[in-house]
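Take a look at the structure set out below.
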Amino acid sequence: MATAQHPAAPKLRAGVQPLRAGEGNSFIWRKLHSLLGIIPIGAFLIEHLLSNFEALKGPVAYAAQVRFLNSLPLVRVLEWTFIFLPLAYHGFYGVYIWLRGKSNVVYYPWAGNWMYVAQRWTGLISLLYIGQHVWRQRFSGVDLPEHPGAAFWKVQQELSHPIMLAIYAIAMIAVCWHFAYGVWLFAAKWGITPGETARRRFGWICLAGGVLLCIMGLASMWAFISPKYQNAPQEVPVNQSVVQLQSVSVS
């Protein structure tokens, strides 16, 4: 007597399992990944954009800001503890999550899926950009902690190349998008915005904040290539008065 055979269960591709409270270490690692994206990385991003905004006032004002940041107590400990190490973990663990996941925008082209894909790609662009930016501006060439007066010139030299300028502009948009949508995801996943109405309203706030940060970042880039400050000296004094800071003109 023939017996019906059940077809073999399809082999599922390995991926990220749904996270539930108390299930394994992945829940903790992903919560930490989400939290670090806001504190301290998000806070540092805002501070960094505000500091770069000083470039609109000219080389001396920008140098003074760089000197102030590098004069903070235990600045190297703070730098590694709250910037470099959190950035490395958030970036590389984000890539790990991406590689373990699976996008389905081809079969399910919904807004949420496109957002997921955009968040992954902007994260990768941000990671690559930040890596090269930190290396170029912090660990190669002129040592800015020792020579803050060279800060404006160093950035200006890098942005003088059209390709690098385009890379910086694209990366700025990617970083601001990634952060703004990351804040929205953080609020949703941590239960800060329960319900569709709260999430929709908070989404508009995140969008406005992301656009504002992006405008600030692009405006700062313009300061370095503006005709007003062309051919900035390789190093400027940083102990001048406020009046001098505002009246310096670089020819």
Side-chain angles (χ1 to χ4, degrees), residues 12-53 82-83 86-87 89-130 169-220:
L12 300 178
R13 180 188 175 193
V16 178
Q17 297 297 322
L19 296 179
R20 299 181 179 88
E23 284 194 3
N25 294 328
S26 294
F27 176 82
I28 299 176
W29 296 132
R30 295 191 71 177
K31 280 292 188 180
L32 179 62
H33 173 264
S34 176
L35 180 62
L36 289 178
I38 306 301
I39 304 172
I41 297 174
F44 168 71
L45 171 64
I46 295 174
E47 181 279 321
H48 192 59
L49 291 176
L50 289 173
S51 294
N52 284 347
F53 207 61
F82 296 104
I83 300 176
L87 272 172
Y89 175 80
H90 185 82
F92 288 111
Y93 192 74
V95 172
Y96 170 78
I97 293 175
W98 186 9
L99 294 177
R100 296 276 293 175
K102 184 178 180 181
S103 63
N104 56 355
V105 294
V106 176
Y107 301 104
Y108 303 101
W110 299 327
N113 291 326
W114 282 111
M115 291 291 207
Y116 172 87
V117 173
Q119 190 68 352
R120 304 286 80 77
W121 279 105
T122 55
L124 179 60
I125 293 172
S126 301
L127 178 62
L128 295 175
Y129 162 72
I130 292 172
I170 294 171
M172 181 62 64
I173 296 172
V175 168
C176 292
W177 163 274
H178 190 79
F179 174 63
Y181 188 56
V183 172
W184 185 87
L185 287 174
F186 176 84
K189 291 180 177 180
W190 286 71
I192 299 174
T193 53
E196 291 297 325
T197 301
R199 292 174 185 172
R200 184 172 59 254
R201 291 175 178 174
F202 189 61
W204 287 110
I205 296 175
C206 293
L207 176 61
V211 170
L212 177 60
L213 291 177
C214 189
I215 291 174
M216 289 179 59
L218 295 175
S220 300

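What you see is a predicted model; the values in this text were computed from it and never measured. Excluded from the calculations below are hydrogen atoms, water molecules and symmetry mates; all remaining heavy atoms, backbone and side chain alike, are included. Position 1 is the first residue of the sequence; numbering continues from there.
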Name all residues meeting the side-chain contact (heavy atoms from CB on, under 4.5 Å) criterion together with [X]; count only those two or more places apart in sequence or in a different chain, and write none if there are none.
X: Phe82; value: Pro40, Leu78
X: Ala169; value: Leu218, Met221
X: Leu128; value: Leu124
X: His90; value: His33, Ile41, His178

Are [X] and [Y] close enough that some pair of their side-chain heavy atoms sits under 4.5 Å apart?
X: Leu49; Y: Phe53; result: no
X: Trp98; Y: Gln119; result: no
X: Tyr181; Y: Thr122; result: no

Give every donor-acceptor pair under 3.5 Å between a side-chain atom in residues 187-206 and any protein atom, sequence neighbours left out.
residue: Trp190; atom: NE1; partner: Ser34; partner atom: OG; Å: 3.2
residue: Thr193; atom: OG1; partner: Ala187; partner atom: O; Å: 3.4
residue: Arg199; atom: NE; partner: Thr193; partner atom: O; Å: 3.1

Q) With sequence neighbours excluded, what pairs up with Ser220 under the side-chain hydrogen bond (donor to acceptor under 3.5 Å, both in side chains) test? A) none
Any chance you could measure [X], atom [atom1], to [Y], atom [atom2], to the nearest 0.5 Å?
X: Ile38; Y: Leu185; atom1: CD1; atom2: CG; result: 9.0 Å
X: Met216; Y: Met172; atom1: CE; atom2: CE; result: 10.0 Å
X: Ser26; Y: Lys31; atom1: OG; atom2: NZ; result: 13.5 Å

Q) Taking atom CG of Leu50 as the centre, does the number of heavy atoms from other residues, nucleotides or ligands within less than 6.0 Å exceed 12? A)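 Correct, the count exceeds 12.
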